[in-house]
Amino acid sequence: QVQLVESGGRLVQAGGSLRLSCAVSGRTVSTLAVAWFRQTPGKERVFVAALKRGTGTTYTANAVKGRFTVSRVNGENTVYLQMNNLEPEDTAVYYCATTTGSPIVSSLSLASTFEFWGQGTQVTVSS
């Protein structure tokens, strides 16, 4: 059983930075595809960024490209989401998710691809 625990969310001013962490247990993170999604009240979860299993190739949503970076540290079994130049529109609950399968690249942006989810961490960006 894979477990994910997010941390690092808090209130920050627009233009600021945050680094979210996703601690993975139950499997070695390099053997997993891991993604970050975000969700606002009343809306579906939206893809933010993902890491392909094995190579660790990264994929980032257009809305955050150039501002957000996903990475992993194998020795820590943790995936990070570095968020820079934050905007009020980035306010959401951020979730990390993973699957033990081998999803194709085009499916990494779909929430339905992932069967394991963390509890989420709140990010609030004030203007």
Side-chain angles (χ1 to χ4, degrees):
Q1 185 77 355
V2 180
Q3 293 186 320
L4 308 171
V5 178
E6 302 101 330
S7 62
R10 62 177 176 85
L11 173 66
V12 63
Q13 287 190 331
S17 297
L18 279 178
R19 188 179 76 162
L20 305 184
S21 301
C22 174
V24 179
S25 60
R27 283 280 292 264
T28 301
V29 68
S30 60
T31 68
L32 299 169
V34 181
W36 286 94
F37 288 79
R38 64 187 183 185
Q39 187 173 29
T40 53
K43 296 190 176 180
E44 294 186 352
R45 293 182 185 182
V46 175
F47 171 73
V48 175
L51 279 161
K52 188 178 178 182
R53 64 179 291 178
T55 63
T57 303
T58 62
Y59 305 89
T60 309
N62 288 336
V64 302
K65 195 165 291 184
R67 299 189 298 122
F68 290 13
T69 304
V70 60
S71 63
R72 71 184 184 204
V73 177
N74 293 339
E76 298 176 0
N77 226 42
T78 300
V79 174
Y80 296 99
L81 183 67
Q82 178 66 44
M83 305 187 295
N84 297 327
N85 194 21
L86 283 160
E87 304 170 351
E89 294 73 23
D90 297 318
T91 295
V93 177
Y94 284 72
Y95 297 90
C96 65
T98 192
T99 174
T100 56
S102 299
I104 58 175
V105 170
S106 60
S107 68
L108 289 173
S109 61
L110 303 175
S112 58
T113 297
F114 303 93
E115 66 264 33
F116 300 102
W117 291 81
Q119 82 287 352
T121 186
Q122 175 72 48
V123 172
T124 303
V125 184
S126 64
S127 57

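Applying the side-chain contact (heavy atoms from CB on, under 4.5 Å) test to Thr100 and every residue at least two apart in sequence or in another chain returns Val2, Arg27, Leu32, Glu115, Phe116. Take Thr28 and apply the side-chain contact (heavy atoms from CB on, under 4.5 Å) test, not counting sequence neighbours, and it matches Ser30, Thr31, Asn77. Shown here are the side chain to side chain donor-acceptor pair (under 3.5 Å) partners of Ser102, two or more places apart in sequence or in another chain: Arg53. Under the side-chain contact (heavy atoms from CB on, under 4.5 Å) criterion, Gln119 pairs with Val5, Glu6, sequence neighbours left out. In this structure Ser71 satisfies the side chain to side chain donor-acceptor pair (under 3.5 Å) test with no other residue, sequence neighbours excluded. In this structure Glu87 satisfies the salt bridge (charged side-chain N to carboxylate O under 4.0 Å, His left out) test together with Arg67, sequence neighbours excluded. Judged as a side-chain contact (heavy atoms from CB on, under 4.5 Å), and not counting sequence neighbours, the contacts of Thr55 are Lys52, Thr57. For Arg38, the salt bridge (charged side-chain N to carboxylate O under 4.0 Å, His left out) partners at least two apart in sequence or on another chain are Asp90. Residues passing the side chain to side chain donor-acceptor pair (under 3.5 Å) test with Glu89: none are found, sequence neighbours excluded.
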What side-chain donor-acceptor pairs closer than 3.5 Å can you find for residues 8-17, not counting sequence neighbours?
residue : atom : partner : partner atom : Å
Ser17   : OG   : Asn84   : OD1          : 3.0

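Atom CG of Leu4 sits about 7.5 Å away from atom OG of Ser25, to the nearest 0.5 Å. Once rounded to the nearest 0.5 Å, the distance linking OG1 of Thr40 with CZ of Arg45 reads 11.5 Å. Between Thr121 atom OG1 and Trp36 atom CH2 the span is 7.5 Å, to the nearest 0.5 Å.
Considering only heavy atoms from C-beta on, Thr69 stays 4.5 Å or farther from Thr60 through its side chain. A 4.5 Å side-chain heavy-atom check between Val123 and Leu18 finds at least one atom pair inside the cut-off. Met83 has its side chain within reach of Leu20: a pair of non-hydrogen atoms, C-beta onward, lies under 4.5 Å apart.
Using a 4.5 Å cut-off between side-chain heavy atoms of Ile, Leu, Val, Met, Phe, Trp and Tyr, Val73 falls into a hydrophobic cluster with Tyr80. When hydrophobic side chains of Ile, Leu, Val, Met, Phe, Trp and Tyr are connected at separations under 4.5 Å, Phe37 ends up clustered with Phe47, Tyr59, Val93, Tyr95, Val105, Leu108, Phe114, Trp117.
Between the side chain of Ser21 and the main chain of Ser7, no donor-acceptor pair closer than 3.5 Å is present.
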Worked check of side chain to side chain donor-acceptor pair (under 3.5 Å) between Gln82 and Arg19: CA-CA 4 Å; Gln82 178 66 44; Arg19 188 179 76 162; 4.9 Å; no
Residue pair Val29, Val79: steps toward the side chain to side chain contact (heavy atoms under 4.5 Å, CB included) verdict: CA-CA 8 Å; Val29 68; Val79 174; 3.5 Å; yes
